[in-house]
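First listed ligand is number 1; within each ligand, the first listed atom is number 1. Excluded from the calculations below are hydrogen atoms, water molecules and symmetry mates; all remaining heavy atoms, backbone and side chain alike, are included.
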Amino acid sequence: MSTPNPTGWRPTAPSTLETTAVTTTTGNRALMLEEPLLFEIGNRNQTGVDFDPVKSGASRLGGLDRNGLDLPGLSEPETVRHYTRLSRQNYAIDLGLFPLGSCTMKHNPRLNEKVARLPGFGDIHPLQPQETVQGALQCINELAFWLIDLTGMHGVAMSPKAGAHGELCGLLCIRAALEARGDAREVVLVPESAHGTNPATAAFCGYRVEDIPATKDGRVDLGALKARLGPDVAAVMITNPNTCGLFEPDMKAISDAVHAAGAFVYCDGANFNAIVGKVRPGDLGVDAMHINLHKTFSTPHGGGGPGSGPVVLSEALAPFGPLPFAAKYPDGSYRLIEEESAGEEHPRTFGRMTAFHGQMGMFTRALTYILSHGADGLRQVAEDSVLNANYILRSLEDVLDAPFAHSGPCMHEAIFSDKGFAEGLSTIDVAKGLIDEGFHPMTMYFPLVVHGAMLVEPTETESKAGLDQFIAALRSIAERARAGDESLKAAPVFAPRRRLDETQAARKPVLSYNHPAPDGSSTGLGAHFGGG
Ligand SMILES: *Cc1c(COP(=O)(O)O)cnc(C)c1O
């Protein structure tokens, strides 16, 4: 198969490793600027603002006044440049394709941003009297109805602040429902391929986690699941479409078996993007499912937050959902049902998960996205995201092993393994090679059921030309990995930093800063993260 390249764009393999050996006086590389720590620049004796010296008045701090805070003293332009330079070292969805599988890194429409900044949404406070924020409550309520509609469920808890938080909410509902019927169960079943948050959530809720094996074609082994069900099983957590990028065709049979055994079905809805507008999880017997608004509904992921993970609930679980929630009254007004003592309205709630009602800024963005697409547009989102992933799968399966490609089309993400790479080269080398080509790497080594997994999710917001660039880049790197091109082990060679010791950085982060020695040499953070 020839390399698809209609745009005329040419991938260039890093031609010279010597590039890295070229040094500059400043450490800068062309217009890519190095930036020291905030504490290493500026002058401690200056500030960016001029205050007149305090004229009079005794301190009223009772001896608690602090001296010598030792904050870095930067002027406004120095400050602006510091953060702008740092921001340029970041990769972002606004810069290019972000093919992280399972993360659904899609474009964040600017219309969402405009609406979220309307003063009636952007300038309000959670403690304002409710009659002054009726529009905001209506917005929460309308989004809630869309989520219920799209999933075919009975109710929704809007307050959870991420997918993982939503999982916690769902399992707390399940636990409350079981406790209400005096049925103490101890085990939650989780497929081997599950996202790490699933077993973590179950364990956090006090359940014992047991694996459900996968079949050879990457799906839940229905027979093994049925054999394990029993009076000790509280719930099954299933991801559908699953983390191998495949739809679970036995989902209804799974739910029926789980319900017959007196347990509940939690669905991890992180991959809802592939089926939104096409399949309603409620029709498949799901009892609780989180929806990552920052995945399917295009709100920003933003450096670990703010996310939003509303949880849709079945009729059996809805009475146990958390406070607070927005409700519409017959006179057309909206209210936040907040107090546990408002017992008459929601007496069986398991309690409260967050201080307020959830991520308002994400609600406005998600509702804007939904309304601007409409029902037919959302269906097309799912169709196009699946089409794009299959285009990637079929364009690369001759150079990358695609373990489940034989079992038909994938959903919205394509999975590859490291099978076929030359001895000594592995998934991480391919991922680092992608950085040199100007792409954020795909998800690596997840799910664990695929050796050296590479999970690629293009989303529907990428054009064919953009996908062709990515395919050409990944193809060239895959070919180098197959051919045993050792230079790939040095990648990335063009990035500001090379290969960092990420494990060490995560396990032993250096969070304090040491002052530069009087001679000006620094012993601070920069030395730790400045490898390469
Ligand atoms: C993203 C994801 C989660 C966790 O969601 P967060 O919003 O990151 O907490 C859980 N499961 C799967 C399959 C995911 O992709």
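- Ionic pairing of Asp429 and Arg499 is present here: one or more N-O contacts between side-chain nitrogen and carboxylate oxygen are shorter than 4.0 angstrom.
- Between Thr354 and the choices Ser159, Pro160, Pro322, the side chain to side chain contact (heavy atoms under 4.5 Å, CB included) rule is met once, by Ser159.
- Counting only N and O atoms by type, the side chains of Tyr445 and Asp418 include no donor and acceptor under 3.5 Å apart.
- For ligand 1, the polar-atom distance check against Gly163 finds a nitrogen or oxygen pair separated by under 3.5 Å.
- Here the heavy atom of the protein found nearest to atom 5 (O) of ligand 1 is Asn292 ND2, 3.0 Å.
- When only non-hydrogen protein atoms are considered, atom 2 (C) of ligand 1 lies nearest to Lys295 NZ, 2.4 Å.
- A donor-acceptor contact under 3.5 angstrom links the side chains of Asn242 and Glu248, judged on distance only.
- The part of Ala270 lying near ligand 1 is the side chain, judged by heavy-atom distances below 4.0 Å.
- Of the polar atoms of Ser102, at least one N or O is found under 3.5 Å from an N or O of ligand 1, judged by distance alone.
- With 3.5 Å as the limit, one finds no donor-acceptor pair spanning the side chains of Glu460 and Asn388.
- Atom 8 (O) of ligand 1 has His294 NE2, 4.3 Å as its closest protein atom, hydrogens excluded (heavy atom only).
- The single protein non-hydrogen atom nearest to atom 11 (N) of ligand 1 is Asp268 OD2, 2.6 Å, given as residue, atom name and distance.
- The shortest N/O to N/O separation between Cys103 and ligand 1 does not fall below 3.5 Å.
- Scanning the protein for heavy atoms near atom 9 (O) of ligand 1, the closest one is Ala164 N, 2.8 Å.
- Taking a cutoff of 4.0 Å between a charged side-chain nitrogen and a carboxylate oxygen, Arg110 and Asp94 qualify as a salt bridge.
- Only side-chain heavy atoms of Glu167 come within less than 4.0 Å of ligand 1; its backbone N, CA, C and O stay farther off.
- Remark: the backbone N or O of Ala136 is not paired with any side-chain donor or acceptor of Tyr334 at under 3.5 angstrom.
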